[in-house]
Amino acid sequence: MADSKHRGALGEAYAAKRPEEVAALYDRWSQTYDADMSAAGYRHPTICLALLARHLPRGSAPLLDAGAGTGLIGEWLDIAGYPEVEALDISQGMLDQAARKGVYSALHCLALGGRLPFADDAYAGIVSAGVFTSGHVGAEGLDELIRICRPGGVIVLTVKNTLWDQGFAARIAELEARGYVTRVEETRPYVSMPGEADTVPSRGLALRVNRSTL
């Protein structure tokens, strides 16, 4: 299924081709992002929080919010009993908004998809809401998240169907077959933004890390 057309900043985000374009777009969007996504009925953070709470014990620390944006899910993680969460995002403007919420123990302005400056097994859990989507990060971002998550830890992410059908599903199956992860839950496809017309569905995944060195 091809991606549908979206209006305004959201359409620009999906159309971006280079990381610097994505960063600049989100820098410009950061002031109104929370209100815009609320109006669109944005569901990814809610789905991710539910999956994480179901599969990772309260109090597990530290966590990484990979693609944290303005910190939508960070606020909820704090309320739900995860006491130490770090934020990673490609946009400094978005991280500046997240910092104002006071729920992150560290902020990292970095892009997913390449090598990350974190030690092996650094995190008890990782959540990545709305990042594996058009114009952002594909399956190439998975390996590093697995490397920095502890064995026994959980990675929760959402994947747009466009990417799922273009190699993401095959990569997950390969990682499972090689024993690196176990797919402990996969949601049925859902519309992430009911307020946006003709949105391509996504799905949520919870992956248990068995061994982190690929």
Side-chain angles (χ1 to χ4, degrees), residues 9 13 19-20 22-38 40 42-133 136-137 141-142 144-150 152-159 192 204-207 209 212:
E20 57 268 26
V22 175
L25 180 279
Y26 279 106
D27 283 347
R28 295 193 300 271
W29 195 6
S30 60
Q31 298 292 325
T32 63
Y33 181 85
D34 283 7
D36 291 346
M37 297 309 269
S38 178
Y42 188 46
R43 292 171 168 175
H44 282 330
T46 310
I47 298 293
C48 284
L49 181 64
L51 291 172
L52 191 75
R54 192 143 55 217
H55 299 291
L56 190 69
R58 291 184 67 198
S60 297
L63 305 187
L64 179 67
D65 185 356
T70 59
L72 290 176
I73 199 169
E75 292 185 280
W76 299 346
L77 289 169
D78 182 58
I79 293 167
Y82 297 96
E84 183 183 349
V85 184
E86 299 180 16
L88 178 155
D89 201 85
I90 195 172
S91 163
Q92 186 60 54
M94 299 290 268
L95 287 174
D96 289 345
Q97 296 297 319
R100 293 186 173 95
K101 295 175 179 174
V103 294
Y104 292 109
S105 58
L107 302 167
H108 308 281
C109 191
L110 298 165
L112 294 176
R115 182 79 176 181
L116 296 172
F118 306 126
D120 294 356
D121 308 339
Y123 296 99
I126 298 171
V127 60
S128 190
V131 175
F132 291 94
T133 188
H136 290 56
V137 183
L142 276 174
E144 274 294 274
L145 296 187
I146 293 169
R147 179 185 68 80
I148 64 175
C149 188
R150 297 171 192 162
V154 171
I155 300 172
V156 169
L157 62 151
T158 62
V159 187
S192 62
L205 290 173
L207 305 173
V209 174
S212 56

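Please read all numbers here as calculations on a predicted model, not as lab measurements.
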Any side-chain heavy atom of [X] sitting closer than 4.5 Å to one from [Y]?
X   : Y    : answer
L88 : L116 : yes
V85 : V103 : no
I73 : H44  : no
L64 : I148 : yes

Give me the atom names and distance for the closest heavy-atom approach of [X] to [Y].
X    : Y    : value
A66  : L112 : CB-CD1, 4.0 Å
A98  : G69  : CB-O, 3.6 Å
Q92  : C109 : OE1-CB, 3.4 Å
L56  : S60  : CG-OG, 3.6 Å
G67  : V131 : CA-CG2, 3.6 Å
A124 : C149 : O-SG, 4.2 Å

Could you give the side-chain donor-acceptor pairs of residues 45-54 under 3.5 Å, partners two or more places apart or in another chain?
{"unit_1": "R54", "atom_1": "NE", "unit_2": "E185", "atom_2": "OE1", "d": "3.0"}
{"unit_1": "R54", "atom_1": "NH2", "unit_2": "E185", "atom_2": "OE1", "d": "3.4"}
{"unit_1": "R54", "atom_1": "NH2", "unit_2": "E185", "atom_2": "OE2", "d": "2.7"}

Check your understanding: Who are the salt bridge (Lys or Arg N to Asp or Glu O under 4.0 Å) partners of E144, not counting sequence neighbours?
Key -> R115, R147
**Study point:** Worked verdict on L205 versus V159 for side-chain contact (heavy atoms from CB on, under 4.5 Å)
**Key:** CA-CA 8 Å; L205 290 173; V159 187; 4.1 Å; yes
Gap separating the [atom1] atom of [X] from the [atom2] atom of [Y], nearest 0.5 angstrom:
X    : Y    : atom1 : atom2 : result
I126 : L145 : CD1   : CG    : 5.0 Å
T70  : D89  : OG1   : CG    : 9.0 Å
I155 : L142 : CD1   : CG    : 7.5 Å

Review point. Could you give all pairs that pass the ring pair (Phe, Tyr, Trp, His ring centres under 6.0 Å) test and reach residues 93-129, with sequence neighbours left out?
Key: H108-F118, F118-Y123
Check your understanding: Does any pair with a residue in residues 47-85 pass ring pair (Phe, Tyr, Trp, His ring centres under 6.0 Å), and if so which ones, sequence neighbours excluded?
Key -> none
Check your understanding: Between L63 and D65, does a side-chain contact (heavy atoms from CB on, under 4.5 Å) hold up when you go through it step by step?
Key -> CA-CA 7 Å; L63 305 187; D65 185 356; over 6 Å; no
